[in-house]
> 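Sharing a structure below in structure tokens format, with a few things to ask.
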Amino acid sequence: MDIREIIARYQDKPGGLIEAYHAIQDEFNYLPQEAIREASLAFGISEAQAYGVATFYSYLSVEKRGKYIIRMCESAPCHVAGADELLKALEKTLGIEVGQTTPDGKFTLELAECVGQCQETPVITINSVPYTDMSPDKISAVLAQCT
Amino acid sequence: MAQEYRIVLANAGKIDPASLDDYLNAGGYKSLEKVRTMSAKELIDLVRSSKLRGRGGAGFNAGMKWGFVPETAPETYVVCNLDEGEPGTYKDRTIVEADPHLLLEGMAICAHAIRSKQGYIYCRGEYPFVVDHLNRAIEQAKQSGQLGDFNIEVRMGGGAYVCGEETALIESIEGHRGEPRFKPPFPGVAGLWGKPTVVNNVETFANLPAIVKNGSEWFASIGSPNYPGTKVFTLTGDVVNRRPFEVPTNTTIRELIFDLGGGIPNGKAFKAVQIGGTSGAFIPEHLLDTPLDFDSMRDAGITLGTGAVFVMDETRDMVDVVTRIAKFFEHESCGKCNPCREGTFRSYELMKKIKTGQATPSDVENLSTLSKVMTKACLCGLGQAAPTPILTTLEHFSDDYKRRLLAAIS
């Protein structure tokens, strides 16, 4: 769907800017520059304000990202459960560092704060689906589900 | 032996959360029917005298909070805080996943008290599946006419911890950066779009149907007299049973961790527990007999917070854990006020220095002074509570710090 069409769906909703951003990300996995510009026009705010909202929230990204966004929780409960080792293993398996996207555009690796699944730590999410009780030896099987 | 007592999780596991009929068969929406025969004032008095206090961390009397909304206000809003971002907390997700209509009914009860036609549920961005789940339940409730003329909309956050603060949450619903507002005015007078607004936590709303059904005296007689009822705690870290428990508020920390939680795994000894989320106090062994109610915890110099219970065994190094927490606050500070923006940055810098054995005793002094300044000078609860893990570990686990300083000297 076209960016303008998506924004138009939320334009009349009070405070609909963030909802519109979420909907654009559902389609593109990030907020292209055009989205910021179109949103500023539609919601009657400056481009700087629209950019300010887009960059305030860690779930919104103005950088191009991969098809699958892997977020690894590094909050204290995951930290003591071995998040550091898990992160190293993820970086090694994917061949990228945190904040990067694989050359084929398939995976982006990000750090996250608590994702609310602290009953089975450590936790990663892939496109917001949680994978709990993770360990380095489970990475290959989890990534294999991303096709 | 401590036991669970279920009010907000009474239906959990017993009904199909996707089925409105199941909820109705369990007595659902009967309390909402009942409040429609009551005046707004009678309802507020009922909730006030039940002594239900906010379950999101601040512990304010819910009925009193509703009472701040002017009776003559033509437009008011009911806002549910489902932004649970405190690491270690998953209680609100648990409640809503198990029994979504309980929350909707609770919000509609509040709407009757403040004459509101519009409610919002602000759900954290990490829970898109909960947003879908709630939207299905709202659709069912609307179609069957349960909510009357009260409309509820779910808004999804964007992964900003500060949006758990009620005025930052309101800013975010309005489509802005989630930066807290100056108070006063409080939301009860000027909240969402400048209109009187009640913001309550999921668990607070979820208690309402039972209070309306059974009466305020019933509720006030459960648990501790000053903070009656139950509290849902979510266990995480070095504890055998890592799951949610709903207990009366006179249950002690020790009972929760050792009776219900099953104690520390792998034969290790207890070292510390952090309660209330990542901004909570680190609690040593000698305070474990404190009851889990707001006032008893506060009197012991610790906090009840959101209900996260993060247990650490004897092998955990407090400096390592607190350094990680300091990084969390440096990342999550919204940057609006200077004491928090700079304070969280410097706290993390000093914690890293201590962790890597490069700190002197004067660095620890400075860290302690900075922490105390932040508790007083920061604009909102984020910055005011951010130093709590540092201050309480300095107080109760100073050996972990001293060990690092000695390493620096040698």
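Hydrogens, waters and symmetry mates are skipped; everything else that's a heavy atom, side chains included, is used. Reminder, nothing fancy here: chain letters follow the sequence lines and each chain counts from 1. No experiment lies behind these values; they were computed from the predicted model shown.
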> May I ask you to check whether over 12 heavy atoms, not counting those of Tyr30(A), lie within 6.0 Å of atom OH?
yes
> Checking Ala81(A) against chain B: side chain, backbone, both or neither under 4.5 Å from a heavy atom?
neither
> Main chain of Gly178(B), side chain of Tyr57(A): is a donor-acceptor contact present, judged purely on distance under 3.5 Å?
yes
> Counting only heavy atoms not in Lys92(A), do more than 12 fall under 6.0 Å of its NZ?
no
> Could you tell me the separation between the SG atom of Cys118(A) and the CZ atom of Arg242(B), rounded to the nearest 0.5 Å?
9.5 Å
> Please classify the contact of Thr315(B) with chain A as side chain, backbone, both or neither, using a heavy-atom distance under 4.5 Å.
neither
> Is it true that, when you exclude Arg4(A) itself, more than 12 heavy atoms of the residues, nucleotides or ligands shown sit nearer than 6.0 Å to its CZ?
no
> Could you tell me which portion of Thr125(A) (side chain, backbone, both or neither) has an atom closer than 4.5 angstrom to a non-hydrogen atom of chain B?
neither
> Where is the tightest heavy-atom contact between Arg124(B) and Cys114(A), given as atom of each residue plus distance?
NH2-O, 2.5 Å
> Sort Arg316(B) into side chain, backbone, both or neither according to what part of it lies under 4.5 angstrom from a heavy atom of chain A.
side chain
> Give, as side chain, backbone, both or neither, the part of Thr278(B) having an atom under 4.5 angstrom from any heavy atom of chain A.
side chain
> Is it the case that the side chain of Arg243(B) and the backbone of Gln119(A) share a donor-acceptor pair, with hydrogens and angles ignored and the cut-off at 3.5 Å?
no
> On a heavy-atom basis, which atom in Gly159(B) and which in Tyr59(A) lie closest, and how many Å separate them?
CA-CD1, 3.9 Å
> Go through the atoms of Phe310(B) and report whether side chain, backbone, both or neither lie under 4.5 Å from a heavy atom of chain A.
side chain
> May I ask you to name which of Arg71(A), Gln49(A), His79(A) has the most heavy-atom pairs under 4.5 Å with chain B?
His79(A)
> Where do Ser128(A) and Pro128(B) come nearest, in terms of heavy atoms and distance?
CB-CG, 3.5 Å
> Which bit of Glu153(B) comes within less than 4.5 Å of chain A, counting heavy atoms only: side chain, backbone, both or neither?
side chain
> Name the region of Glu84(B), side chain, backbone, both or neither, that has any atom closer than 4.5 Å to a heavy atom of chain A.
neither
> What part of Val239(B) gets within 4.5 angstrom of chain A, counting heavy atoms only: side chain, backbone, both, or neither?
neither
> Given that the side chain runs from C-beta out, which part of Asp238(B) has a heavy atom under 4.5 Å from chain A: side chain, backbone, both or neither?
neither
> For a quick test of reading the model, state the closest non-hydrogen atom pair linking Ala76(A) to Val321(B) and the distance between them.
CB-CG1, 4.2 Å
> Under 4.5 Å from any heavy atom of chain B, what part of Glu74(A) do you find: side chain, backbone, both or neither?
both
> With respect to chain A, which residue among Gly157(B), Gly175(B), Gly158(B), Gly125(B) yields the maximal number of heavy-atom pairs within a distance under 4.5 Å?
Gly158(B)
> Please classify the contact between Gln117(A) and chain B as side chain, backbone, both or neither, with a heavy-atom cut-off of under 4.5 Å.
both
> Under 4.5 Å heavy-atom distance to chain A, tell me which part of Val154(B) shows up: side chain, backbone, both or neither.
backbone
> CD1 of Ile325(B) to OG of Ser75(A): how many Å apart, nearest 0.5 Å?
9.0 Å
> Is a side-chain N or O of Arg93(B) found less than 3.5 angstrom from the main chain of Gly116(A), in a donor-acceptor match?
yes
> Would the distance check show the side chain of His22(A) and the main-chain N or O of Met156(B) forming a donor-acceptor pair, the cut-off being under 3.5 Å?
yes
> Would you mind checking which part of Cys334(B) comes under 4.5 Å of any heavy atom in chain A, side chain (CB onward), backbone (N, CA, C, O), both or neither?
both
> Mind running side-chain contact (heavy atoms from CB on, under 4.5 Å) on Glu126(B) and Val123(A) for me, showing each step along the way?
CA-CA 12 Å; Glu126(B) 287 78 358; Val123(A) 184; over 6 Å; no
> Please name the pair of heavy atoms, one in Trp193(B) and one in Pro14(A), separated by the smallest distance, quoted to 0.1 Å.
CZ2-CB, 3.2 Å
> Which one wins on heavy-atom pair count under 4.5 Å against chain B: Val129(A), Leu60(A), Leu17(A), Val115(A)?
Val115(A)
> Count the heavy atoms belonging to other residues, nucleotides or ligands that lie under 6.0 Å from NZ of Lys64(A), then report whether that count exceeds 12.
no
> Where does Tyr161(B) contact chain A at under 4.5 Å (heavy atoms): side chain, backbone, both or neither?
neither
> How many angstroms lie between atom CG of Asp84(A) and atom CZ of Arg324(B), to the nearest 0.5 angstrom?
8.5 Å
> Which pair of heavy atoms, one from Ser172(B) and one from Ile18(A), lies closest together, and at what distance?
O-CD1, 3.3 Å
